[in-house]
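Handing you this structure, nothing more for now.
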Amino acid sequence: MQHSESVRYLEKAGFHYKPAESPDLWGFLESHFAGPQGIGSKFSPMPASFVAELINMGEEALLEAMVQHHKRTGSPGRVARVIDLSYVVGTAASIPLNQADKRHVLRLVDLPGTPRERIIHVIPSKADDIPSTCHMTAIGGVYADGRTAGYFDLLPGERLEESVHDGKPSDTAFYATHDEIAALARDMQVRAEDISVITRKECDEMIAKARKILK
């Protein structure tokens, strides 16, 4: 089913489709390819034409997936599609926590002091040791209003389930460079009074352990 046919199908089913080219949505997706990025898998910097191509590829995959999901269930639902590419698009900086060597795992607070803060598990790594990937995952579905469907996110790697930012520890471990860990530890120290998912004592202990390992 072509792009326009998929959009018409969803709209006929009673859902408004928000295209990827919507300024706010495009800006959000495009921001993954430029500017400072935190700990986790990352897209490589690339020309705007390549970025646009990847975003559009993700949109086509999502439209097809939402139509298929609606035909099965009566709702576009929440869908994710992994797209295989012939070139490296970024890093795959995460592994299941149960596969990580616990002796080398740090616990830190990502996005400290914000509504999306959560405890993450981090494995100190050299930049060259973080695996690269030729895959990306497009995630989309029905928005909170229950009537609009579209992109949620576009992520490097094979990530069929987007991380849940609910303050609970993630079941994923992230490879991170010493500079990334040091930057997050500084951010935690600055925002320590605003962190709610752990106590101040736990925060200080996390920071101290991170800095000890980084020496």
Side-chain angles (χ1 to χ4, degrees), residues 1-34 37-38 40-44 46 48-97 110-111 114-116 118 120 133-172 174:
M1 188 176 290
Q2 294 183 350
H3 180 106
S4 59
E5 293 175 339
S6 297
V7 172
R8 282 197 298 270
Y9 176 93
L10 291 174
E11 292 183 342
K12 188 176 180 180
F15 295 92
H16 170 69
Y17 179 70
K18 182 171 184 175
E21 63 189 18
S22 301
D24 59 335
L25 184 53
W26 188 272
F28 167 69
L29 296 171
E30 195 175 38
S31 70
H32 296 350
F33 296 84
Q37 302 179 49
S41 300
K42 300 175 181 63
F43 281 111
S44 302
M46 58 185 70
S49 60
F50 277 51
V51 173
E53 180 181 7
L54 294 181
I55 292 174
N56 290 332
M57 288 174 63
E59 182 174 34
E60 295 303 317
L62 285 177
L63 274 169
E64 180 181 349
M66 286 189 285
V67 168
Q68 291 175 352
H69 195 279
H70 184 272
K71 288 179 176 179
R72 292 195 309 270
T73 68
S75 168
R78 176 188 178 87
V79 295
R81 286 293 182 271
V82 174
I83 299 167
D84 300 330
L85 300 156
S86 60
Y87 52 92
V88 171
V89 293
T91 58
S94 62
I95 61 172
L97 180 59
D110 193 28
L111 303 172
T114 73
R116 301 183 72 207
R118 60 170 182 158
I120 60 172
T133 183
C134 295
H135 302 93
M136 66 179 186
T137 303
I139 303 171
V142 180
Y143 292 176
D145 64 7
R147 301 184 304 275
T148 306
Y151 246 121
F152 287 166
D153 213 344
L154 184 65
L155 308 168
E158 300 181 64
R159 300 166 66 182
L160 292 178
E161 289 297 330
E162 185 183 23
S163 298
V164 178
H165 295 276
D166 57 2
K168 296 179 182 178
S170 168
D171 59 0
T172 298
F174 298 97

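Predicted model only: the values in this text are computed from it and were never measured.
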Inset, instruction - Looking only at non-hydrogen atoms, find the nearest pair between Val89 and His135 and report the distance. - result: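 Smallest interatomic distance, heavy atoms only, reads CG2-O, 3.5 Å.
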Inset, instruction - Could you tell me whether the side chain of Tyr143 and the main chain of Tyr151 form a donor-acceptor pair under 3.5 Å? - result: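 Yes; at least one donor-acceptor contact below 3.5 Å.
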Legend entry - Under 3.5 Å donor-acceptor, Ser6 side chain and Glu64 backbone: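 The answer is no, because no donor-acceptor pair under 3.5 Å joins these two groups.
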Legend entry - Pairwise side-chain contact, Met57 with Leu85, heavy-atom cut-off 4.5 Å (strictly under): yes
Inset, instruction - Measure the shortest side-chain to side-chain distance between Arg78 and Ile139 over non-hydrogen atoms and say whether it is less than 4.5 angstrom. - result: yes
Inset, instruction - Compare every heavy atom of Val142 with every heavy atom of Ser75, then report the nearest pair and how far apart it is. - result: OG-CG2, 4.1 Å
Inset, instruction - Could you check if a side-chain atom of Glu5 sits within less than 4.5 angstrom of a side-chain atom of Val67, using non-hydrogen atoms only? - result: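 No, too far: nothing below the 4.5 Å cut-off.
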Legend entry - Nearest heavy atoms of Gly90 and Ser44, plus distance in Å: CA-OG, 3.4 Å
Inset, instruction - Output yes when a side-chain donor or acceptor of Thr137 lies under 3.5 Å from a complementary backbone atom of Gly157, and no otherwise. - result: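 Present.
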Inset, instruction - Over 60° means perpendicular and under 30° means parallel, so classify the ring planes of Phe33 and Phe43, tilted if in between. - result: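 Because their plane-to-plane angle is under 30°, the rings of Phe43 and Phe33 count as parallel.
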Legend entry - Closest non-hydrogen atom pair between Leu25 and Pro19, with its separation: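 Answer, listing the atom of Leu25 first, then Pro19: CD2-O, 3.6 Å.
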Legend entry - Shortest non-hydrogen contact between Pro76 and Leu10, atoms and distance: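 Nearest pair, atom of Pro76 first, then Leu10: CG-CD2, 4.0 Å.
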Inset, instruction - Scan for salt bridge (Lys or Arg N to Asp or Glu O under 4.0 Å) pairs involving residues 9-27, sequence neighbours excluded, and state none if there are none. - result: Lys18-Asp24
